[in-house]
Each structure stands twice: as C-alpha cells, then as structure tokens.
Amino acid sequence: MSLFSIFMIGIGLSMDAFAVSIARGMTMKKEDLLRYALTLGFFFGVFQAVMPLIGWWAGSYFQEFIASIDHWIAFGLLSIIGGNMIRESLRGEEEACEDKSLTLKTILILAVATSIDALAVGISFAFLQVHIWTAITVIGVTTFVLSFIAVYLGNRLGDLLEKYAGILGGIILILIGTKILLEHLFG
C-alpha cells in the first residue's frame with residue numbers, strides 16, 4: 001500500500017475527530033484554545049494510531065465481534081456527550097459556554113468513540129501486510145493536525161453563533177454518532 005493511500009486513509013479516519021473538534025472548539029474560551037487544541041489533537045491522534053495497531057495485532061480473531069458492536073458504542077458515547085452539551089446550553093448557565101465539561105474523562109470517551117473504526121482498518125492492514133509503524137504514524141499525525149486546526153475553526157464558528165454554540169456542538173456530536181450507526185447498519 002502506498003504512502004499516499006495510507007495518508008488518504010488517515011484523512012478518512014480523522015473526519016469524525018475533526019467534526020468533534022469543531023464542535024468542542026465552538027464552546028471554548030479563547031484563552032484555553034491552544035491548550036485544548038493541543039490536548040484534543042494529541043488524544044485523538046494517539047487513539048487513531050493505537051486502534052489500528054490493536055486491530056493489526058488482533059487480526060481477524062475479533063473481527064466479527066468488533067464489527068457487530070463498534071457502531072453502537074460510538075453512537076452511545078457521542079449521543080451521551082452531545083446530549084450533555086445541549087442540556088448545559090439550554091440551562092442558560094454561563095459555565096456551559098466556558099466548557100468546564102471537557103475533562104480528561106470526556107476527552108478519553110471522545111477519543112475512543114471517534115477511533116473505533118480505526119480498529120477495523122488495523123485488521124485490514126494485517127491482511128494487506130501494510131507496514132504498520134508507517135501507517136499508524138501517518139494516521140496519528142494526520143489526525144493530530146486536522147483536530148488541532150478544527151478546534152480553531154470551531155471556535156471561530158462559535159464566535160459567530162455565540163448563544164447557540166453549545167446546542168449546535170451537541171447536535172453535531174449526536175449526528176456524528178447517528179451517521180456512524182446508520183453507516184454500519186445500512187452501509
């Protein structure tokens with residue numbers, strides 16, 4: 001598999017993390033932006049790199065089990081986090097816009113939810129005999145860069161939509177979860 005193909009896979013895998021980063025960036029304060037952009041980029045990049053490694057290692061042994069539930073896990077996690085964002089925004093509390101809910105636990109849940117598909121890609125890498133270290137490096141770096149940029153893009157959108165940023169961000173997370181679920185059920 002060519003480096004370009006691996007790069008394109010990296011872009012495809014990072015799209016959920018990109019969208020989540022935009023949604024989270026919409027509710028962040030400017031003074032926290034760099035720290036959160038680096039944090040989200042790091043965690044999303046690491047998880048997008050580690051999941052294919054785990055999938056590659058596991059090979060086809062777990063393929064049927066993972067494929068049968070990964071979409072439900074991602075849907076559930078993203079829906080819960082999105083619902084919490086909407087609930088906090090509808091309360092009208094000032095703290096909802098300060099995004100105090102972006103804890104390490106939340107970041108880890110988002111990182112897992114957005115990287116589950118990468119596990120299946122890792123399984124296919126084992127069958128295609130892809131050089132796994134090159135693949136996970138490209139995927140991880142690509143996801144880091146795109147997630148980092150997306151936090152800033154989301155923050156700019158959040159400035160434009162101020163009052164509704166938390167609600168819109170929550171809706172985006174729920175829609176991403178729904179998209180993942182529908183793709184696996186009907187795709």
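Sequence positions, counted from 1, serve as the residue numbers for this chain.
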Value rounded to 0.5 Å, distance of CZ in F43 from OG1 in T106: 11.5 Å
Review item, side-chain donor-acceptor pairs of residues 1-8, under 3.5 Å, at least two apart:
from: S2; atom 1: OG; to: S5; atom 2: N; distance (Å): 3.1
from: S2; atom 1: OG; to: S5; atom 2: OG; distance (Å): 3.0

Residue pair L175, K179: steps toward the side-chain contact (heavy atoms from CB on, under 4.5 Å) verdict: CA-CA 6 Å; L175 289 175; K179 175 190 84 75; over 6 Å; no
A17 versus T143, closest heavy-atom pair with distance: CB-CG2, 4.0 Å
Check: T114 main-chain N/O paired with Q48 side-chain donor or acceptor under 3.5 Å: yes
CZ-CG distance between F148 and L34, expressed to the nearest 0.5 angstrom: 5.5 Å
Point-to-point distance, once rounded to the nearest 0.5 Å, from CG of N155 to CZ of R24: 12.5 Å
Main-chain N/O of F144 paired with S147 side-chain donor or acceptor, under 3.5 Å: no
Closest contact, heavy atoms only, A135 versus V130: CB-CG1, 3.9 Å
Gap separating the OG1 atom of T27 from the CG atom of L157, nearest 0.5 angstrom: 12.0 Å
Euclidean distance, L153 CG relative to L146 CG, rounded to 0.5 Å: 10.0 Å
Hydrophobic cluster identity match, M51 and M15, side-chain contacts under 4.5 Å: yes
T134 side chain to T137 side chain, donor-acceptor N/O pair below 3.5 angstrom: no
Approximate separation, where rounding is to 0.5 Å, of S115 OG and L110 CG: 10.5 Å
In one Ile/Leu/Val/Met/Phe/Trp/Tyr side-chain cluster, 4.5 Å: I11, V46: yes
Residue pair G10 / I139: nearest heavy atoms and the distance that separates them: CA-CG1, 3.8 Å
Heavy-atom pair of closest approach, residues A150 and S21: CB-CB, 3.5 Å
Connected hydrophobic set around L185, excluding itself, where side chains approach under 4.5 Å: W72, F75, L181, L182, F186
Heavy-atom closest pair, residues W56 and F125: CD1-C, 3.9 Å
Linked, directly or transitively: L104 and I80 (ILVMFWY side chains, under 4.5 Å): no
Stepwise side-chain contact (heavy atoms from CB on, under 4.5 Å) test for F47 and L108: CA-CA 9 Å; F47 274 78; L108 288 173; 3.8 Å; yes
Closest heavy-atom pair and its distance - I132, P52: CD1-O, 4.1 Å
Heavy-atom neighbours of K30 NZ exceed 12 at 6.0 Å: yes
Side-chain touch I136/V50, heavy atoms, less than 4.5 angstrom: no
